[in-house]
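Below: one structure, written as structure tokens.
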Protein chains: 2
Amino acid sequence: MASKEPNSLLHGTLDALVLKTLEAGPQHGYAIARALEAATGGRLDIEEGSLYPALYRMEKRAWIDAEWGTSELQRRVKLYRLTRAGRAQLVRETEAWAAFSRAVSQVLLT
Amino acid sequence: MASKEPNSLLHGTLDALVLKTLEAGPQHGYAIARALEAATGGRLDIEEGSLYPALYRMEKRAWIDAEWGTSELQRRVKLYRLTRAGRAQLVRETEAWAAFSRAVSQVLLT
DNA sequence: CACCTTGCCTAGAGAGTCGAGGTAACGGAG
DNA sequence: CTCCGTTACCTCGACTCTCTAGGCAAGGTG
């Protein structure tokens, strides 16, 4: 419910955002999207069509693993958990983001 | 000569970076890449395979216009200049970047 | 019963970057 | 004179990722 235009900027950052969200503990997909929207005051709008493929991708890369479980609402949910490799990847991507955003901001924001 | 891995993060920011570079005055493609690398201390590596298509794109969108000229080295160069629409676009993209990077940093950089 | 929310999934389209190539002209080194 | 590095532009195809727009299912509420 926030941004209208396609978020080309999100490219490459979604993985890190998801990994970061999982750092706090296992979550299911829907909750991850909610958490990210909440954490950014609705400024980031995570589309399901982006999120689920991303989760699948990261599972294939063994950055996260999944198991079926039950939510508090007694609903069948797929819980994702950060693996050791995922933790390492999060560190790498966080550093990459920090360096990149610093560089870009330095150019753009006078 | 800086980064080795594909810069997925660059997605969507290249336009803004180029527009910003042209804000200081007309430049040709090669010089734009050099200027951006210099401005970021070599941390941003602008590939020609990304740059020239980007320039072509932005010219089609009338954010920049081009004319052939001669460099100080007496070489044939294509000089790009910011249009009024390009200036407006730069403002929009700068704002979008500021909002986005703030949101992401807020999540990632604890 | 209809409807909203939770919750997961997928196919296809579209956009953009990158690697790897090619062309051309100049200047300096050997 | 030839070779090579630099300047300078261009393009194709592969690849990756996001987004739109659907679909499915179950639960609660009016």
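In what follows, chains carry the letters A, B, and so on, assigned in the order in which the sequence lines appear, proteins first and then strands, with residues in each chain numbered from 1.
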For this session: Would you mind classifying the nucleic acid contact of A/Gln74 as base, sugar-phosphate or nothing, using non-hydrogen atoms under 4.0 angstrom?
Result: nothing
Exercise. What integer distance in Å separates A/Arg34:CZ from C/dT5:C1'?
Worked result: 8 Å
Exercise. Can you tell me if the side-chain N/O atoms of A/Ser8 get under 4.0 Å from OP1 or OP2 in C/dG16?
Worked result: no
Exercise. Heavy atoms, side chains only, cut-off 4.5 Å: are A/Arg84 and A/Trp63 in contact?
Worked result: no
For this session: Determine: side-chain N/O of B/Arg76 to OP1/OP2 of C/dT23, distance under 4.0 Å, yes or no.
Result: no
Exercise. For B/Arg75 and D/dC9, is the shortest distance between a side-chain N/O and OP1 or OP2 below 4.0 Å?
Worked result: no
Exercise. To the nearest Å, how far apart are B/Trp63 CH2 and C/dG16 C1'?
Worked result: 12 Å
Exercise. Out of C/dG19, C/dG16, D/dC17, which nucleotide sits closest to the side chain of B/His11?
Worked result: C/dG16
Seminar exercise, completed: Between A/Ala103 and B/Leu44 the two heavy atoms that sit nearest each other are CB-CG, 4.3 Å
For this session: Grab the OH-P distance between A/Tyr56 and C/dA11 for me, whole Å please.
Result: 10 Å
Problem set entry | side-chain N/O B/His28 vs D/dA8 OP1/OP2, d < 4.0 Å | yes
For this session: Between D/dC9, C/dG7, D/dT18, spot the one nearest the side chain of A/Leu73, thanks.
Result: C/dG7
Exercise. OP1 or OP2 of D/dT16 less than 4.0 angstrom from a side-chain nitrogen or oxygen of A/Arg57, does that happen here?
Worked result: no
For this session: Could you state whether A/Leu109 and B/Val104 fall into the same hydrophobic cluster, counting links through intermediate Ile, Leu, Val, Met, Phe, Trp or Tyr residues with side-chain heavy atoms under 4.5 angstrom apart?
Result: yes
Problem set entry | Atom pair distance, as rounded to whole Å: CG in B/Leu51 and P in D/dT11 | 13 Å
Exercise. What integer distance in Å separates A/Leu10:CG from D/dT16:P?
Worked result: 18 Å
Exercise. Looking at B/Tyr52, does any N or O in its side chain come under 4.0 Å of the phosphate oxygens OP1/OP2 on D/dC10?
Worked result: no
Exercise. Which whole-number value in Å describes the distance from B/Lys78 NZ to D/dC10 C1'?
Worked result: 9 Å
Problem set entry | Side chains of A/Trp97 and B/Ser101, donor plus acceptor under 3.5 Å | no
Exercise. Charged N to carboxylate O under 4.0 angstrom, B/Glu23 versus B/Lys20?
Worked result: yes
For this session: Using atom CG of A/Leu55 as one end and atom P of C/dT10 as the other, report the distance to the nearest whole Å.
Result: 12 Å
For this session: Under 4.0 Å between any heavy atoms, over every strand shown, what does A/Gly29 touch: base, sugar-phosphate, or nothing? Just pick one.
Result: sugar-phosphate
Problem set entry | Rounded interatomic separation in angstrom, taking CD from A/Glu48 and P from C/dT10 | 13 Å
